[in-house]
Structures are given as C-alpha cells and as structure tokens.
Amino acid sequence: MLHCPENLSANVSLLPTNFQPYKVGGWSPAVAYKNLSLRRQRHPKALSDDDQQDKESHPLPTYKWRLVISYDGTRYSGWQYQQSIPTVQCKVEEALTRITKLERKHLCLVGAGRTDAGVHAWGQVAHFVTPFNYECLEGFHRALNGGLPPDIRIREISSVLPEFHARFSVKSKTYNYKIYNDAVMDPIQRHYVYHSNYKLNPTAMKDAANYFVGKHDFSAFANASHNDGIPNPVKNILRFHVNEMGPLLQIEVEGSGFLYKQVRNMVAIMLQVGREAVPAEIVPMILESRDRKELAKYTLAVPPHGLCLFGVKYNDDHFNIPSATSFGMHHTITKCKLPFY
C-alpha cells in the first residue's frame, strides 16, 4: 500500500511503489545533518560544495540511482550548482525535486564531471539517492524529461549499488573536441564546433597527440581552479585520436581524469602544431616544464563550445543489481483516429 505524506500531490502515478517518507532503515534528515557535520569537522577543506552535500551523508540503506545525461551547454554556466546562475545541475535538481517531493539536500545529486560554461555533454553521468524504491522507471523517466528544458535530456536511468559514486568511481572519461577546418564556417554547427580558417596538418597533430599518451604530470596544461584546491596533476591518457571527416576534425581523448581546462589546453597546442607554427616535439618539452607559463608562451585555451563530454566508464560491478533500467520509450500509433475524406 502507498503511504503518502501530506505535502504530496494527489496524482500518485509517479510515486514509488513502497514509499516510506523520510525514513528507510533509520535514515532521516536529522541523522544526515549530524553525519555531515562530523565529516566537515574531520575534513573542513577537503570537500567542495557538491561533495559536502553528498559524501554519503546518509547511512544505508537508501536507494541510489544513476543518470546518463545529454545537454547542450550553450545557455548554461557549466554543470555545477550555483546560486542565481543557470546550470545543468540546477535544472536536473529542480525536475527531480518536483517528482520525488524531496529537497535538494536530500537528493544529493553529484555529477561525474564539472563541465565549464558552454561545454556540452552526450554522456555525463550523475547519481542521486532516495529513501524509497522505484520498481518501474519508465514513467519516472518520462516525467523527468518532461520537466526539463529541451536542451537537457536524461538518456538513461538505472539503479546502482550503494558503493557507486558518479565522481569517485570513475575509471575513465572521454572528451571530444570538434574543429571545422575550412575557409567558410558551417553556420549550422557554429554552437558545437570551433572554426579554424588556417589550413591544418592532421598528420602533425596526430604526432603531437601521441606525446600525450601515457602517465604524465599535466601541471603545465591545467589552469588554476578555486574549486579543487591542489588536485593530483598526474593523469593517465589512454588514447588520443585525431579523426578526419571532410572539413571536420574530431579530436577524441580518453583518460583516467583531467585537470581544470586540461583538454582545451591540449587541443590548443595541437592547433599550433597543425598550423605548423611549432613542431610536435614542443609537447614533451612543455610537459617536462610542469609550468603553466611555459604553455602560455605559445597559446591560450581554445573556446569551450567545441568540447563535449562524450562518455564516462565505470567498473561493471557497480551495476550488478537486479532492478529496472529505463532507456526511454517510443510512442506507436495502433489506430488512425483521423477521418478519411
């Protein structure tokens, strides 16, 4: 039987099947605040805003859900929540709040990557928690997309194990950067592709990309960030490809993680190599310097609109849970209701 608190709407079609308001296995807002306060006392500077909100501030059992999100970042100031500024996380949290009737602090929504203003995503991953279970996710999925603006869509919803964390469980991330290399820009792609009217040498760019592959200290390719303090600058680049598709060059890089603006800075020096302004061998020299000022001698970061978070990989063990998954639903017409004339 469905137990509804007073503040829930009368339409119960989207409510969970075994709703226990604000209490499952001993979880409650008071317990959550107490645990969160203890974590802040132990690590006062270690957590960012969304990590302080999350960081498992609730004891198990709760139900954890994974979202795969696609968005056009043109109108947004990045992914991460900011007061009074439109971000993707804000919009997703607003839709979740309307459907679940939970407050933002109880949803604990966390994304895998904090994309910057103007950056797009095809495979952003986020998780949130509820103190109740959804056995069927198709209606929830449909309602969630219905509450989002048209430039944000939830591609997939699934349940995950409690140990899963959208940010800290990441094995690798893949980013794409698109460059339109022609004298005249295609106006249809102007919000998603960077225009270079200099004739580029893809072979030289591929040579430069190979120098990035492997484990390196990327301090020289990272801009200072006030959010992360001093993150580990050593990252492992698993692959770095330059794909030619007519006038379009798609740069695809997969790595264990990336520093702030690292991808855009790597693409920037590759553009200088492609223009034959500098040789490909400049890459290892800049890497060895570990100094951001060394890169600044040759280039600045490329604009954000050509960048897209394409996908995030995790260990399959986090998904071995017998529950529903929703990839969306197609509508079909079984009978024509229009009269024939």
key: Neighbour count >12 (heavy atoms, 6.0 Å) for atom NZ, Lys178   = no
request  = Could you pull out the closest heavy-atom pair between Asn133 and Glu135, with the gap in Å?
outcome  = ND2-CG, 3.9 Å
task = Can you establish whether the number of heavy atoms outside Arg153 located under 6.0 Å from its atom CZ is more than 12?
result = yes
inquiry  = Distance alone, cut at 3.5 Å: any donor-acceptor contact between the side chains of Asp182 and Asn197?
reply    = no
task = Let me see the working for Tyr198 and Asn181 under side-chain hydrogen bond (donor to acceptor under 3.5 Å, both in side chains), right down to the final yes or no.
result = CA-CA 7 Å; Tyr198 290 92; Asn181 189 206; over 6 Å; no
remark   = Note: Gly111 and Ala166 closest approach over all heavy atoms is C-CB, 4.2 Å
request  = Apply ring-ring contact (aromatic ring centres under 6.0 Å, His included) to Tyr194 and list each qualifying residue two or more places apart in sequence or on a separate chain.
outcome  = none
query = So how far is it from Phe218 CZ to Asn236 CG, rounded to the nearest 0.5 Å?
reply = 8.5 Å
message = Under the salt bridge (Lys or Arg N to Asp or Glu O under 4.0 Å) test against Glu252, which residue among Lys206, Arg239, Lys173 passes?
response = Arg239
ask   = With sequence neighbours left out, what residues match Ser70 under side chain to side chain contact (heavy atoms under 4.5 Å, CB included)?
value = Trp122, Arg155
request  = Please determine if Lys313 and Glu254 form a salt bridge, counting it only when a charged side-chain N lies under 4.0 Å from a carboxylate O.
outcome  = yes
request  = To the nearest 0.5 angstrom, please state how far the CE atom of Met285 sits from the CG atom of Leu287.
outcome  = 10.0 Å
message = Looking at Glu156 and Arg66, is any side-chain nitrogen of the basic one under 4.0 Å from a carboxylate oxygen of the acidic one?
response = yes
query = Nearest heavy-atom pair of Ser77 and Gln82: which atoms, and what distance?
reply = O-NE2, 3.3 Å
ask   = Where is the tightest heavy-atom contact between Ile154 and Asn145, given as atom of each residue plus distance?
value = N-OD1, 2.7 Å
Output field: ring centroids Tyr260/Phe258 closer than 6.0 Å = no
message = Is there a path of hydrophobic side-chain contacts, each under 4.5 Å between heavy atoms of I/L/V/M/F/W/Y residues, joining Tyr175 to Phe310?
response = no
